[in-house]
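Reading through the structure tokens given below for one structure.
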Amino acid sequence: MDVTRRQMLKMIAATGVVVAAPSLTDIAMAAADPRVVAFKGEQAATVRKIVERLGGIGKFISKGDKVVIKPNMGFATAPLRSSNTDTVVIRTLAELALEAGAKQVQVLDNPVHPAPLCKVRSGIVEALAGLDDVFVQWVKNEKFFGDVVIPNGRQLKRTQVMKAILECDALINAPMAKSHGGAIVSMGLKNWMGAVKNRQEWHSTFNMHQAIADFGTYIYNEKRLKFTILDATRVLATGGPGGPGEVRHLQTIIGGFDPVAIDSFGLSLSSWNGKNYKPHQIPYLKIAEEMGLGSSDLSNLRSA
Amino acid sequence: MKLRRAVQLLFLALFAVLIALTTFPLKAKLPVDLFLRLDPLLLIGASIAARTVISGLFAAVVMLALTALLGRFFCGWICPLGTTIELTDDLLYKRRKRRWPNAQRVGRGLKYINLIIILVAAAFGYGLTFLLDPIALFTRAATYLLHPAAMLLANTGLDVLRPVALKADWVKLYYAELHQPLFSSGSLAAAIIFITILMLNRLQRRFWCRSLCPLGALLGLFARLSPVRRQVGATCDHDGKCKRTCETGAIFDDEIQYDPAECILCWNCVDDCHLNVTAFRFASPLPQLRQPLDVGRRRFLVGLAGGAFGALLFRSNPARAARPDKLLRPPAALPEDDFLKRCIRCGQCVKACPTNTLQPDWGEGGLEGLWAPRHQMRLAGCDQGCNVCGQVCPTGALRDVPLYQKRYAKIGTAIIDQQRCVVWAADKFCLVCDEACPYNAIYFAENEQGKRRPYVDRRHCNGCGLCESVCPVDGQGAINVYPDEQIRLAQGDYADEARRRGFLFERGVAEDKILSTGDGGEAYGD
């Protein structure tokens, strides 16, 4: 099924959409095992609706779990500048984790901008205020990172990942969709660059697109990674990752398990720096698909 | 004397608190450079060198007047270095045999030579005062050595607690860190001078104060005018105790006469007098003004020659004519010559700098620039929401300008090294400098081969160095700030000057990388 962007956005607005695995043609089965779910609406309610469609928070988080949420919050910018994941989306995910009985929720990123500035200006500290056992930290010091081997990596074979991520019971990927001067777009796969200590070498030593896919072969094989919520409430269509740039109010949230499908779906929602892209035109999506991380095939689109 | 020790500890604590408060944002009610502002030697030395009265230090004349009235009370009651010397002495040397007996007058004249050297060098146009002024050198030791060491200790303590915090799920404690300043090896030299001064007590108690301190010499000259005089009753039995316990060995062999230029009013002689016949009373200073000073013609000439030679040695510096590439002074530093004459190397700007980009100079600017602040942009950039360095400078070597002006006090210009840049040289996907630039001075455009490449728009680069600090290339960055087109003004408006030269550094372009509320508590966002 070939849909235009306009049709797709209309569909999301009307009923929400589901992308099923290519073999699953039955709508009922598609709804039961979605690769991607997308809805339009107010952030808190939409996040809850999507997590419900993915199986309900109780399927992912048990009582007493330590949970880590990894938003994209690496920029010391005000929320409406849209270089960080929407604060309501982050808060709703934290609330869901607590409702499922999580003992502790850490909201973590290794920021591009200085940590104290992110704390002051991102609005995330304020958004999470009043939630006991929820901690937001911008983490830079290497003492908070531990060594990781990436056996299937082609270029990135080892790196250091936040210890809290290595030691948690449940991990939630909570990126946002934005244009990116180096990677064209930044969504779910690119978000993990903020989970490692040495993000610089992804730029300088490796082919960044390959490194993104390499890290994907590690993190998406980790059982503790439960699902991705891709925030497209306000996408930064130009000037990303830091902006300032054109902010488009799509008011859409996407969830799922297949990193390539989620990012391909997000890619289809907007033009990026004025150009329209197919998934295979984004090198890291192409490589990730080749390496078996998921499928960019969105043809099994259904009303949710 | 118990009261004196209590007062000493109080002032030492105040000194430490003021150093701790020398930080961004500046919240202290008192001037954090209070002790420096009360130091008349800095006032005189730096003013002569700079050929102008340095207004920030003018309060120090009060100290001279009080010394003429009361004597060297500053040394005995207030000086934080003096107190530290006494405390170290109590701890390490009290029970040890000294090199010389307490009352023996050894090398007293050296401090006058030091004073003359400083004044003569200043007359030759070089502010050598910073080298031996006790307040400057102690502040320097505190900012360059003691504070970083204290932070290292505290952070090590936190590291020890971290596994415990992890087990107990104290997440905030687990992530707790204190800002750890890192300094170039110049701080070691400052530390060695400081520690040597403490170790000189092996020779005599307070040997530094008796024989070397140029501020002590200056205050001693004024103390000779003081009408507060030590007087001993006729019943004195000459048991010699006062001679042995005098902090500075100011009492002569007859135990009656003493040298008011040496006396720091410790009043040990009063407390230890078992007959209670010693007291300080008002009396005419005239008879003792006729006492010769510990500085004869020969010493005077040595001082003169030393000052001239010192000025020559420190000023004969090729950096003056051929400025090193990477010698970047803090924003709103005076033109280099004025800056070096005024800067007393107290290190307060370096201490207060929130990003650690300011470092004590060690060699880049030659002897002349010793310990003066300079940027180490590879370590960190200059925060565009902060102007604290000018706020804490006691001498105006760095001008205290509003935040807006500071942003226009252009430090230099970032230049891309196309041989090292991974985009230019290796076609990598890097945009880190562009992400960091607060003024969008870095842009990507197609080069002749149609490849997307980064460029610097010099009109929007004020040399803050954020790009250089984040460049992911190993070693020296592929984008570096050079002093090109720096704006250094002795007076006047930086924004006007910069605009006249065609520069524009406006936030709102990318104000996200600009910290907080430097002046006026402004908060800006969307």
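Keep in mind it's a predicted model, so treat the numbers as computed, not measured. Convention: sequence-line order gives letters A, B, ...; per-chain numbering from 1.
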>> Heavy-atom cut-off 4.5 Å, strictly under: side chain, backbone, both or neither for A:L108 against chain B?
In response: side chain
Under 6.0 Å from the [atom1] atom of [X], do we count more than 12 heavy atoms belonging to anything else shown?
| X | atom1 | answer |
| --- | --- | --- |
| A:K163 | NZ | yes |
| B:N447 | CG | yes |
| B:K326 | NZ | yes |
| B:K451 | NZ | no |

Using every non-hydrogen atom in the two residues, find where [X] and [Y] come nearest and quote the distance to one decimal.
| X | Y | result |
| --- | --- | --- |
| B:Y175 | A:A164 | OH-CB, 3.5 Å |
| A:S204 | B:V422 | O-CG1, 3.8 Å |
| A:T205 | B:K428 | O-NZ, 3.5 Å |

>> Treating A:H203 as the side-chain partner and B:P472 as the backbone partner, does any N or O pair qualify as donor plus acceptor under 3.5 Å?
In response: no
>> When you measure from the side chain of B:R162 to the backbone of A:F144, do you find a donor-acceptor pair of N or O atoms at a distance under 3.5 Å?
In response: no
> Can you check whether B:E435 reaches A:H180 side chain to side chain, under 4.5 Å on heavy atoms?
Replying inline: yes
> Under a 4.5 Å heavy-atom cut-off, does chain A meet the side chain of B:F444, its backbone, both or neither?
Replying inline: neither
> CD of A:Q106 to OH of B:Y174: how many Å apart, nearest 0.5 Å?
Replying inline: 7.5 Å
> Roughly how far, to the nearest 0.5 Å, is the CG atom of B:L431 from the CE atom of A:M208?
Replying inline: 7.0 Å
> If you tally heavy-atom pairs under 4.5 Å against chain A, which of B:L166, B:D169, B:T355, B:V470 wins?
Replying inline: B:D169
> How would you list, in number order, the residues of residues 152-160 of chain B that have a heavy atom less than 4.5 Å from chain A?
Replying inline: B:D159
>> Looking at chain B, which one of A:R199, A:E201, A:Q200 has the largest number of heavy-atom pairs inside 4.5 Å, strictly under?
In response: A:Q200
> Going through the checks in order, is the side chain to side chain contact (heavy atoms under 4.5 Å, CB included) test met by B:E177 and A:N141?
Replying inline: CA-CA 9 Å; B:E177 288 176 277; A:N141 198 318; 2.5 Å; yes
